[in-house]
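My questions all concern the structure below.
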Amino acid sequence: MRWCLALLICCLAVVNALSSSGSRLLAILEDTEQKDLYSTLWADLEARGYDVSIESSKSEQLALFKHGERAYDHLLILPPKSKGLGPSLTPKHILDFMNKDGNILLALSGKTATSSAISSLLLELDIHLSTDRSQVVVDHFNYDTLSAAEKHDVLVLQRPGPLRSDVKAFFDGEGVLALPRVAPQTLGDSALLSPILRAPATAYSYNPKEGMPAAEDILATGSQLNIVSAMQARNSARFTVLGSVESLEDKWFSASVKTPSGKKTSTVNREFAKQLTAWAFKETGVLKVDKVEHRLATEGAELNPSIYRIKNETIYSIEVSEYVYDKWVPFDVPGDDALQLEFTMLSPFHRLTLQPTHRTDTSTVFSTQFVTPDQHGIFSFRVNYKRPFLTSIEEKHEVTNRHFAHDEYPRSWAITGGWVWIAGLWSVIGGFLAFVIVWLYSAPVTDTLKKTQ
Amino acid sequence: MHLWQATVPFCLLAAAALPGAAATAWGFTDATVAVQPKGAGVNGGFKEQLAASKPLSKPISLFGADTLRVTLTAQEDSSPKRPDQAFLLLKDAQTGLDISYPFNVKDNGKSRVELSQKDLPIQFLSLSGPVDAHIVIGGFGSSDAYDNSVFKLSIDRNPEEAVPTVETERYGKKPEIHHIFKDSASSPPIVITLAFVAMVGAAIPALAGLWLFLGANINHLPSAFKSAPLSHATFLGSLIAFEGIFFLYYTSWNLFQILPAMAVVGAIAFVSGSRALGEVQGRRLAGLR
């Protein structure tokens, strides 16, 4: 019986050994006969536990939603040649899918003009394509001399490092990528957008049908051209744009490339495709809060009380896990970054860095100790951790910060300045008692008075 | 990648040195860089020749409304030719910013680009040091492209004018905030307090001395206790008990504890006080007071 249960748990673990947000993946190809071009990609995804369904965008029974719920967890869209993706995949449907926490990986191709439906979908997310939608990135320095000796449109680039010094690198590693016929994107100014792979500084884009554009027609050059970019919505749903769909083909997974100045090497497209799909479909960069605790810094204090007093020494701790491919591991904050706690009433009174204090097998406990401000009111412990490439953490726990009670102030004898008044009070009391005794028992002093009279 | 680009000129040199190497390379000649202040004539201002192999030693200053002009003739293996890519590329190594300005290229390879501060993105205006200006010339096909730093461009501004900045919101850590507490209440120095306590304490001996000087005494105490011992003792005792209750109220008791005690002591004081004061009245009627 017990081994039966163990086997069941084991099976469940195997089935769940993939994305933190579900396994149903829908791949949209305009022409399903093209699916053999990407057979390694499908095999890799299935090996990681995805339940891949490949559908044509022209299919009649294709629907992203069933009974108002998502029918799939993830969507992989390969670029269509026709004007749109069909009636069941309008930009509105795709945005609804994201609003319901679905993840999308959209591949573009510079081979043909991008369809206007996709362009308007990207515009909704503040990702911009060129106005003619048929630009290709070329670089006369980092191209593959074997396959694109004349056209220079197969870029050979290193895998990207971290975006900033305080951002975790999810796509780095050794080796070069071959990116044939990239459709470049430029990004709007939004904190939700982040570039994954940018073109080198010497790259530019042009329309192969029209030749080199006039100087005033160039909108972006160099690193402003994005080859792979990502948008993570406020609900942490992910939208990833890959400029070169051909880089996912079997052919480029194991191709050999050579730059003008380099040696012949084989590409790491397969490894990069794994990193990219893993991030896009929430196998990496997913954070989870396991537990939040706050209490007074005294021994045996009550856990998570609803009321604190001003100037109380308080300890706050939060337990965070990160999902990496198939398991939860302790979360490490990247080097220059910090997980911060705010103690807020309208605006933060304290904003403190939470330090890792304890590690379990699957999580890290971050905590800090501080004194509640000398302002009474309704405060909240807030952890608002939103970073590029990581799902957001937003924890808010409301507590009352009360004033001193009447019997919690220091007593008057403890205040040295009050001693004068205390001494005055007791000397009046002593004087009163002495006066009563003298008045009750004093004999009149007649003798001396008589003598003087 | 930097290493790659650094190796490009070496590869070019190597290619030139080897007689058997067939690869052709892009380059330029007759290059000049000029800075023309606003309002000055075409030939006004600063002008210098550029060499393809070596960058200028001094940074070129682009101040205020000046216009920077770079002209050159692009070449493919020493013969003028129109390249597919001819860019003036500005790069800042510290921030990683880069932007390219394409040359206006004629068919004979003659190229020209003009640039003033208002063409630059706002991020370039607030840089601390000069940026690297590269010339990038390349084309399709097998010729090696050219990309070298030819001069440093220092983007200068009138220090009295505010540098335009751009507010961008990016997710990241925010500055720490530590609440500044109000100063706690403080007492005067203990010496001053003790001096005033001593002055207050001295009032009791001073009062006693004054009374004794005026002849205050307790000569009637034995006779009073002889005639009404119980009432005098309880009356004085109840007065002292009142003060004791006040002391307990001050230190630990609450109002509900002192009220019954006060009621009891007050009743005792009323009864015993009227008896004791009756005795005092007896002494007055007897002419003793």
Side-chain angles (χ1 to χ4, degrees), chain A residues 138 140-142 149-152 158 164 166 189 191 200-202 204 212 215 218 221-224 259-262 311 336-338 340 342 348-353 371 373-374 386-388 415-420 423-424 427 429-431 433-434 436-438 440-445 448, chain B residues 1 4-5 7-8 11 84-85 87 89 91 96 98-100 102-104 136 138-142 144-145 147 168-179 181-182 187-188 190 193 196-197 200-201 203-204 207-208 211 215-221 224 236 239-240 243 276 280 288-289:
Chain A
V138 289
H140 300 306
F141 297 87
N142 306 305
E150 183 56 38
K151 283 184 156 179
H152 299 189
Q158 303 279 341
R164 302 190 309 238
D166 60 342
D189 186 22
T202 49
Y204 63 99
M212 187 65 199
I218 292 182
T221 58
S223 59
Q224 294 159 44
T259 57
S261 57
K311 295 183 187 175
D336 287 351
D337 199 11
Q340 291 175 319
E342 286 179 355
F349 279 59
H350 278 294
R351 188 188 289 132
L352 305 164
T353 300
V371 180
D374 52 354
K386 291 196 179 107
R387 296 294 182 267
I415 301 167
T416 58
W419 290 355
V420 179
S427 69
I429 288 171
L433 287 176
V436 168
I437 288 166
V438 168
L440 283 177
Y441 307 118
S442 189
V445 261
T448 47
Chain B
M1 216 177 71
W4 275 8
Q5 281 167 7
T7 54
V8 169
C11 292
D84 295 299
Q85 177 188 21
F87 284 175
L89 166 63
K91 241 186 190 177
D98 66 72
I99 186 155
S100 290
F103 280 89
N104 272 317
V136 181
F140 296 109
S142 61
D144 285 327
D147 170 23
T168 49
E169 198 211 346
R170 292 287 174 267
Y171 290 138
K173 71 171 173 185
K174 293 179 183 162
E176 286 207 356
I177 296 173
H178 295 272
H179 180 64
F181 287 84
K182 281 178 258 178
S187 288
I190 191 95
T193 308
F196 278 92
V197 168
V200 170
I204 291 269
L207 185 69
W211 282 350
N217 56 68
I218 47 169
N219 294 344
H220 285 173
L221 187 68
L236 277 182
L239 285 186
I240 292 164
E243 306 306 340
V280 173
L288 295 169
R289 278 171 64 96

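Proteins get letters first, then strands, A, B, ... in listed order; numbering begins at 1 in each.
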Among the listed options A/Gly424, A/Ala423, A/Ser442, the residue most often paired with chain B at heavy-atom distances under 4.5 Å
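When all of A/Gly424, A/Ala423, A/Ser442 are compared, A/Ser442 has the most.
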Nearest-0.5 Å distance, CD of residue A/Gln224 to CG of residue B/Asp98:
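Output value for this atom pair is 7.0 Å.
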Within 6.0 Å of CZ in B/Phe140, more than 12 heavy atoms from elsewhere
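Yes, enclosed.
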Value rounded to 0.5 Å, distance of CD1 in B/Ile190 from OG1 in A/Thr416
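Reported value, rounded in 0.5 Å steps: 4.5 Å.
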Which word best sums up how the rings of A/Phe349 and B/His179 line up, parallel for under 30°, tilted for 30 to 60°, or perpendicular for over 60°?
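Tilted.
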Side chain / backbone / both / neither for A/Ala338 at chain B, heavy atoms under 4.5 Å
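A/Ala338 touches chain B through backbone and side-chain heavy atoms alike.
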Considering all heavy atoms, the nearest A/Ala201-B/Lys91 contact
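Nearest heavy atoms, A/Ala201 then B/Lys91: CB-CE, 3.6 Å.
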Residue pair B/His220 / A/Pro444, side-chain heavy-atom distance below 4.5 Å
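Contact flag for B/His220/A/Pro444 side chains = yes.
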Which of A/Thr353, A/Asp374, A/Val420 touches chain B most, by non-hydrogen pairs under 4.5 Å
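If we count pairs closer than 4.5 Å to chain B, A/Asp374 comes out on top.
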Considering residues at least two apart in sequence or located in another chain, which fulfil the side chain to side chain contact (heavy atoms under 4.5 Å, CB included) criterion with B/His178?
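Once residues adjacent in sequence are excluded, the partners of B/His178 under the side chain to side chain contact (heavy atoms under 4.5 Å, CB included) criterion are A/Leu352, B/Glu176.
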Supply the atom-to-atom distance B/Lys173 NZ to A/Arg351 CZ, rounded to the nearest 0.5 angstrom.
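Reported value, rounded in 0.5 Å steps: 12.0 Å.
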So, for B/Phe181 and A/Lys311, which heavy atoms are closest and what is the spacing to 0.1 Å?
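Taking B/Phe181 first and A/Lys311 second, the nearest heavy atoms are CE2-CG, 4.0 Å.
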With a 4.5 Å cut-off on heavy-atom pairs, point out which of B/Ala224, B/Gly201, B/Gly172 contacts chain A the most.
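Maximum pair count with chain A is reached by B/Gly172.
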Nearest 0.5 angstrom please: A/Thr221 OG1 to B/Gln85 CD, how far?
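Output value for this atom pair is 9.0 Å.
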Under a 4.5 Å heavy-atom cut-off, does chain B meet the side chain of A/Lys151, its backbone, both or neither?
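It is the backbone, since no side chain atom gets that close.
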Contact part of B/Leu288 toward chain A, heavy-atom cut-off under 4.5 Å: side chain, backbone, both or neither?
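For B/Leu288, the contact with chain A is made by the backbone alone.
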Could you tell me whether the side chain of B/Val136 reaches within less than 4.5 Å of the side chain of A/Tyr204, counting heavy atoms only?
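In short, these two side chains do not touch, never coming nearer than 4.5 Å.
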Quick one: pull up NE2 in A/His140 and CZ in B/Phe87 and give me the separation to the nearest 0.5 Å.
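Reported to 0.5 Å precision, the distance equals 8.0 Å.
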Does any heavy atom of chain B fall under 4.5 Å from the side chain of A/Leu440, the backbone, both, or neither of them?
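When you check distances to chain B, atoms from both the backbone and side chain of A/Leu440 fall under 4.5 Å.
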Any idea which of B/Val197, B/Thr168, B/Asn217, B/Asn219 has the most non-hydrogen atom pairs under 4.5 angstrom with chain A?
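Top option by heavy-atom pairs under 4.5 Å: B/Asn217.
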Specify which of B/Ser187, B/Gly139, B/Ala203 makes the most heavy-atom pairs with chain A at under 4.5 Å.
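Option with the greatest count: B/Gly139.
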Could you tell me whether the side chain of A/Trp419 reaches within less than 4.5 Å of the side chain of B/Val200, counting heavy atoms only?
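Of all side-chain heavy-atom pairs linking A/Trp419 with B/Val200, none is under 4.5 Å.
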Please identify, among B/Ile240, B/Leu89, B/Val280, the residue contributing the most non-hydrogen atom pairs under 4.5 Å to chain A.
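So the answer, after comparing B/Ile240, B/Leu89, B/Val280, is B/Leu89.
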Proximal component of A/Val436, with respect to chain B [non-hydrogen, under 4.5 Å]
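For A/Val436, the contact with chain B is made by the side chain alone.
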Less than 4.5 Å to any heavy atom of chain A: does that hold for the side chain of B/Ala216, its backbone, both, or neither?
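Both backbone and side chain.
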Can you tell me how far CD1 of B/Ile204 sits from CD1 of A/Ile429, rounded to the nearest 0.5 angstrom?
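So the gap between those two atoms works out to 10.0 Å.
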